[in-house]
Amino acid sequence: MNIVIMGPPGAGKGTQAVRLAERFGLLHLSPGDLLRQAVKDGTELGRKAKDYMDSGRLVPDDVIIALIGERLREARGGRGVLLDGFPRTLPQAEALNRMLAESGQKLDVVVNLVLPEETAVRRLTGRRVCRRCGANYHVVYNPPAVEGVCDLCGGPLYQRSDDTEETARARLEVYRKETEPLVAYYAARGLLRDVDGTGGVDEVFGRLAETVGLSA
Ligand code: ADP
Ligand code: AMP
């Protein structure tokens, strides 16, 4: 089963993708996570991507398509993938179709988390991430037991450089212009399932698991 999880920045894609991937035995692929790791490691990819990410713009399609294409090839033979944050443009969506077809596969369902923009901004500006294991928290909605410390691995929490209010709003604008057209693209192909992204993490997960389970 191959799933795309869509929604604006701050919708809860990463939070839910980790859980869904575990529940359904899928490989979780997030270009944002891969790019942040590349920036941290100081690789050529990281150097290319950093300015785009810091300003909230999308990294060029060819870079992202090559990155995800490589991971999809490595994932062949597994139970499927859960794509979180890819595709974000129409060329990326077309490339995904091609890349899956190359290994005789297809996309099974696209879940679209729907929530008001102001909720997304509040979630983004309060997000904290573990520098060591990547687990994510929220200062109000999902705080760690000890402030600034990851519950899972004890690593230090930090605020992403693109989670300021200004950059969060810029990313939402980019989402509206470049990514939202994919909602109609996937609806026209009968793949889209809108899921209410408001409410607590467990509540949203219940809706998603039911939607994905029913679609499988
Ligand atoms: P995305 O990957 O879509 O950008 P995240 O999964 O990183 O979003 O979530 C953004 C922020 O919102 C994080 O701080 C996360 O802890 C918090 N969050 C995620 N889901 C919920 C929810 N259902 N209710 C409240 N806060 C949430
Ligand atoms: P995310 O972790 O999904 O919030 O992504 C963080 C940043 O990484 C984005 O603001 C973009 O700069 C970049 N990025 C992530 N996914 C993509 C993608 N599919 N296409 C282009 N840029 C991306």
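As the structure lists them, so they are numbered: ligands from 1, and atoms in each ligand from 1.
Lys13 does not count as a contact of ligand 2, since none of its heavy atoms falls under 4.0 Å from the ligand.
For Tyr137 (side chain) and Asp151 (main-chain N/O), a donor-acceptor pair under 3.5 Å exists by modelled atom type. Formation of a donor-acceptor pair under 3.5 Å by the Lys48 side chain with backbone atoms of Val63 is not found in this model. Between the side chain of Thr167 and the main chain of Thr164, no donor-acceptor pair closer than 3.5 Å is present. Between the Glu94 side chain and the Pro91 main chain, no donor and acceptor come within less than 3.5 Å of each other.
Residue Arg36 has at least one N or O atom closer than 3.5 Å to an N or O atom of ligand 2. The shortest N or O to N or O distance between Gly85 and ligand 2 is below 3.5 Å. In terms of polar-atom proximity, defined here as any N/O pair under 3.5 Å, Arg127 makes no such contact with ligand 2.
With respect to atom 13 (C) of ligand 2, the closest heavy atom belonging to the protein is Leu35 CD1, 3.7 Å. Ranking the protein heavy atoms by distance from atom 16 (N) of ligand 2 puts Arg88 NH1, 2.8 Å first. When only non-hydrogen protein atoms are considered, atom 23 (C) of ligand 2 lies nearest to Ile64 CD1, 4.0 Å. Atom 4 (O) of ligand 2 has Arg160 NH2, 3.0 Å as its closest protein atom, hydrogens excluded (heavy atom only). The shortest contact between atom 20 (N) of ligand 2 and any protein heavy atom is with Gln92 NE2, 2.9 Å.
When heavy-atom distances to ligand 2 are checked against a 4.0 Å cut-off, Leu58 comes that close through both its backbone and its side chain.
Asp41 and Thr43 are not linked by any side-chain donor-acceptor pair at a separation below 3.5 angstrom, with hydrogens and angles left out of the test. Looking at Asp61 and Thr89, their side chains do bring a donor and an acceptor atom within 3.5 Å of each other.
Summarising the hydrophobic clusters (Ile, Leu, Val, Met, Phe, Trp, Tyr; side-chain heavy atoms under 4.5 Å, direct or chained), the residues clustered with Tyr141 are Val139, Val140. Here Val201 is tied to no hydrophobic group at all, with no ILVMFWY side chain closer than 4.5 Å. Think of Leu124 as one node in a network of Ile, Leu, Val, Met, Phe, Trp and Tyr side chains linked at under 4.5 Å; it has no links at all.
Taking the charged nitrogens against the carboxylate oxygens, Arg19 and Asp202 do have a contact shorter than 4.0 Å, which makes a salt bridge. Under the 4.0 Å criterion applied to side-chain N and carboxylate O atoms, Arg176 and Glu173 are assigned as salt-bridge partners.
Atom CZ of Phe205 is surrounded by more than 12 heavy atoms from other residues, nucleotides or ligands within 6.0 Å.
Under 4.0 Å from any atom of ligand 1, one finds heavy atoms of residues Pro8, Pro9, Gly10, Ala11, Gly12, Lys13, Gly14, Thr15, Arg123, Arg127, Asn136, Tyr137, His138, Tyr141, Asn142, Gly199, Gly200, Val201, Val204.
With distances taken over non-hydrogen atoms, the option nearest atom 21 (C) of ligand 2 out of Val59, Asp51, Thr179 is Val59.
Heavy-atom contacts of Arg57 reach the following atoms of ligand 2: 11 (C), 12 (O) (cutoff under 4.0 Å).
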